[in-house]
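Take a look at the structure set out below.
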Amino acid sequence: MSSTARVHLSRLPGERVRVVDGDHTEVLDPAALPSYVAGREAHGDEPRWVWDDTARWYPALLEAGVRVARCHDLRLCHRLLRRAPAVDASLLDGEESALWDRLRPFEPSDPALFSVDDAGEHLRADLEDARQVAAVAASPEAVRLSLLVAAESAGALVAAEMTHAGVPWRVDVHDRLLTELLGSRPPRGARPRLLEELADEVRGLLDSPDLNPDSRPHLLAALRRAGVEVPDTRRSTLRRVDHPVVEPLVRYKQLAHLFSTSGWTWIDQWVRDGRFRPVYQPAGSATGRWSSNGGGALSFPVQVRSAAVADEGWVLVVADVAQLEPRVLAGMSGDQALARAARGADLYQGMVDDGAVPTRQDAKLGLLGAMYGATSGESGRMVAGLTRRYPAAFGLVEGAARSGERGEVVRTLLGRGCPALGGGSWDESPDAPPDDLDDQDRHRRAYGRFTRNFVVQGTAAEWASCWLADLRNRLWRLVDEGPLEARPHLVFFLHDEVVVHTPADLADRVADEIGASAAAAGALLFRELPVDFPLNTSIVRSYAEAGKPGAPPTVDA
DNA sequence: TTGGAGCGCGCC
DNA sequence: AGGGCGCGCTCCAA
């Protein structure tokens with residue numbers, strides 16, 4: 001690791017904080033921590049703060065106006081290193097290591113630093129950190145793992161900062177939208193007027209006055225009585241049926257979904273003081289992608305994005321990567337031909353221009369099919385032809401699938417290992433391999449599809465972490481002073497997309513930095529093979545205006 | 001009353 | 001027989 005000082009923070013019984021800085025140890029009152037940290041940051045040496053869980057320590061610092069430059073998140077990295085195939089796991093064993101194995105992510109509902117019967121209260125950050133540093137150093141993949149560990153920790157800082165700042169949210173706009181589509185807010189437990197009218201229309205058309213359209217069995221029975229035979233009530237299934245009930249029923253399902261997932265209850269729960277503050281879990285999924293356990297940050301529908309509106313005099317800079325995963329595949333596999341197709345804004349078109357496929361749609365189907373393990377249909381057929389044109393790229397995912405089918409674990413470019421077959425979290429069957437041979441075979445094949453996708457999705461997540469980490473620093477340097485939320489700052493991240501809230505006069509520079517950090521992330525991960533990571537970037541007042549190619553950037557009201 | 005499973009939806 | 005996730009709903013067992 002670098003010469004950066006590592007300062008270890010641990011909780012002590014009696015609500016004290018132990019600070020270990022090299023040979024120097026002191027004990028602080030938690031209330032004194034922000035000024036201590038601010039003092040160390042101000043000296044410019046920017047130590048690496050080592051703590052058990054960023055989500056536990058950092059919010060209070062941010063609340064006090066203290067931003068840190070770097071950290072090491074022991075819980076995240078412990079998990080990572082435990083599973084990394086290139087790490088000698090025995091180096092992680094030692095005093096308290098079983099407790100680190102069991103440490104759960106910090107929950108925002110917990111008291112910030114101390115809770116009564118919390119085993120973690122006694123965990124020694126300095127001891128665990130020493131084991132992790134040694135485990136990385138001893139690995140043949142030390143360089144890549146160091147990068148991964150740093151990027152993941154930086155991601156944890158970004159997550160806490162985004163929750164702290166929040167997405168600017170106009171409740172009045174959201175409410176107006178809901179009222180137009182659903183009618184005014186109903187009393188608790190009731191349907192809004194327009195939704196109820198649609199339900200009535202469906203009941204009438206199916207001649208089932210008591211039907212609850214939210215109940216699948218009832219709905220299936222009512223459809224059957226009306227002569228509609230369907231295996232399920234999915235929208236795509238219903239659309240194939242020719243019956244007058246289909247149109248109002250599909251509309252009902254759409255609006256019911258909006259009402260329940262993004263309606264007034266959601267506003268009450270997640271929007272405070274004009275900010276939507278989702279809770280992120282960096283590396284919360286098996287592949288290393290972020291997950292979210294609050295606010296539905298990963299799925300808030302396009303329909304309500306118009307309520308995300310920049311503050312007066314500010315704008316949102318929205319940027320997403322075009323075809324992130326195929327580009328990552330090109331980079332990690334070293335596939336020269338695919339990398340060549342990836343020069344420029346549209347990788348799929350690049351494959352067409354390359355003469356590999358007749359149409360853009362074919363390119364997309366074939367590539368996605370290869371990454372997801374499609375075996376049949378149009379997608380499956382495309383894969384065969386493309387394998388000849390892009391042998392390294394297609395060979396890489398194919399190899400990962402074979403490894404999985406043999407029951408082996410696979411790893412990402414930076415060394416994250418996937419969960420073992422039957423190990424639990426990759427699917428819902430913890431152990432107990434099926435006794436039936438056919439089932440066992442199916443199980444292995446499913447695992448092969450998982451490992452196939454894991455290598456690409458996981459490496460894409462690593463690219464995104466590096467992107468975020470670099471962008472975070474660049475944004476911070478754009479302005480000389482002021483707390484985080486008074487400067488250009490990240491407010492949202494979703495796999496391959498970022499949103500930055502910034503004073504309008506800095507928007508162009510922010511857009512440049514987003515592009516520069518994307519290029520930097522690519523160079524960092526795939527130095528041997530330059531792959532482009534072009535962005536669709538919009539400067540908008542409202543999130544809903546973003547992402548329309550050709551739409552003029554609107555900077556005024 | 002509660003918790004988990006399964007469904008269907010939405011995001012990538 | 002296409003990967004990852006969260007969430008709200010209904011239904012049913014405890």
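Just the heavy atoms: all of them, side chains too, but no hydrogens, waters or symmetry mates, feed the values below. Bear in mind that the values here come from a model prediction, so they are computed numbers and not experimental data. Lettering follows sequence order; numbering is per chain, from 1.
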OP1 or OP2 of dG8(B) versus the side-chain N and O atoms of Thr233(A): is any pair under 4.0 Å?
yes
Phosphate contact (dC7(C) OP1 or OP2) by Thr261(A) side-chain N/O below 4.0 Å
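Checking dC7(C) against Thr261(A), no side-chain N or O comes under 4.0 Å of OP1 or OP2.
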Using a heavy-atom cut-off of under 4.0 Å over every strand shown, decide if Arg449(A) touches base, sugar-phosphate, or nothing.
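The residue Arg449(A) makes sugar-phosphate contact but no base contact.
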Would you call Arg444(A)-Asp441(A) a salt bridge at under 4.0 Å N-O?
no
Is it true that Arg445(A) and Glu405(A) make a salt bridge, defined as a side-chain N closer than 4.0 Å to a carboxylate O?
no
Protein-nucleotide distance ([X], atom [atom1]; [N], atom [atom2]), rounded to Å:
{"X": "Leu258(A)", "N": "dG10(B)", "atom1": "CG", "atom2": "P", "answer": "10 Å"}
{"X": "Leu494(A)", "N": "dG6(C)", "atom1": "CG", "atom2": "P", "answer": "13 Å"}
{"X": "His257(A)", "N": "dG8(C)", "atom1": "NE2", "atom2": "C1'", "answer": "7 Å"}
{"X": "Tyr280(A)", "N": "dC12(B)", "atom1": "OH", "atom2": "C1'", "answer": "14 Å"}
{"X": "Leu367(A)", "N": "dG3(C)", "atom1": "CG", "atom2": "P", "answer": "17 Å"}
{"X": "Asn293(A)", "N": "dC11(B)", "atom1": "CG", "atom2": "P", "answer": "20 Å"}
{"X": "Arg416(A)", "N": "dG4(C)", "atom1": "CZ", "atom2": "C1'", "answer": "13 Å"}
{"X": "Leu368(A)", "N": "dG4(C)", "atom1": "CG", "atom2": "P", "answer": "15 Å"}

Does Tyr280(A) have any ring pair (Phe, Tyr, Trp, His ring centres under 6.0 Å) partners at least two apart in sequence or in another chain, and if so, which?
Trp290(A)
According to ring pair (Phe, Tyr, Trp, His ring centres under 6.0 Å), who are the partners of Phe533(A), at least two apart in sequence or on a separate chain?
Trp463(A)
Where along residues 189-224 of chain A does a heavy atom come under 4.0 Å from DNA chain B, residue by residue in number order?
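Residues of residues 189-224 of chain A under 4.0 Å from DNA chain B: Arg216(A).
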Taking DNA chain B as the partner, which of residues 234-254 of chain A come within under 4.0 angstrom of it by heavy atom?
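Listed by number, they are Arg234(A), Arg235(A), Lys253(A).
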Donor + acceptor pair across side chains of [X], [Y] (<3.5 Å):
{"X": "Ser291(A)", "Y": "Gln281(A)", "value": "no"}
{"X": "Gln361(A)", "Y": "Tyr348(A)", "value": "no"}
{"X": "Asp73(A)", "Y": "Thr54(A)", "value": "yes"}

Tell me whether Tyr372(A) is stacked on the nucleobase of dG2(C), counting only the six-membered base ring and applying the 5.5 Å and 30° thresholds.
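No.
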Which atom pairs, one a donor and one an acceptor, fall under 3.5 Å between side chains of residues 244-252 of chain A and the rest of the protein, sequence neighbours left out?
| residue | atom | partner | partner atom | Å |
| --- | --- | --- | --- | --- |
| Glu247(A) | OE2 | Arg251(A) | NE | 3.0 |
| Tyr252(A) | OH | Arg191(A) | NE | 2.9 |
| Tyr252(A) | OH | Arg191(A) | NH2 | 3.3 |
| Tyr252(A) | OH | Asp214(A) | OD1 | 3.0 |
| Tyr252(A) | OH | Asp214(A) | OD2 | 3.3 |

I want to verify a distance call: between dC12(B), dG3(C), dC9(C), whose nearest atom is closest to the Ser260(A) side chain?
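Of dC12(B), dG3(C), dC9(C), dC9(C) is nearest to the side chain of Ser260(A).
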Return the nearest nucleotide to the side chain of Ser291(A); candidates are dC11(B), dA1(C), dG6(C).
dG6(C)
Any salt bridge (Lys or Arg N to Asp or Glu O under 4.0 Å) involving [range]? Give me the pairs, sequence neighbours left out, ordered by first then second residue.
{"range": "residues 315-325 of chain A", "value": "Arg289(A)-Glu325(A)"}
{"range": "residues 224-234 of chain A", "value": "Arg224(A)-Glu229(A), Asp232(A)-Arg234(A)"}
{"range": "residues 257-270 of chain A", "value": "Arg185(A)-Asp268(A)"}
{"range": "residues 384-399 of chain A", "value": "Glu398(A)-Arg402(A), Glu398(A)-Arg452(A)"}

Dump every N/O contact between nucleotides 12-14 of chain C and the protein below 3.5 Å, one line per pair.
none

Qualifying residues under salt bridge (Lys or Arg N to Asp or Glu O under 4.0 Å), relative to Arg170(A), sequence neighbours excluded
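Counting only residues at least two positions away or on another chain, Arg170(A) forms a salt bridge (Lys or Arg N to Asp or Glu O under 4.0 Å) with Asp172(A).
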Within residues 451-471 of chain A, residues whose heavy atoms come under 4.0 Å of DNA chain C
Asn453(A), Gln457(A)
Check the pair Arg193(A) / Glu197(A) against salt bridge (charged side-chain N to carboxylate O under 4.0 Å, His left out), numbers first and verdict last.
CA-CA 6 Å; Arg193(A) 183 177 52 87; Glu197(A) 286 175 10; 3.3 Å; yes
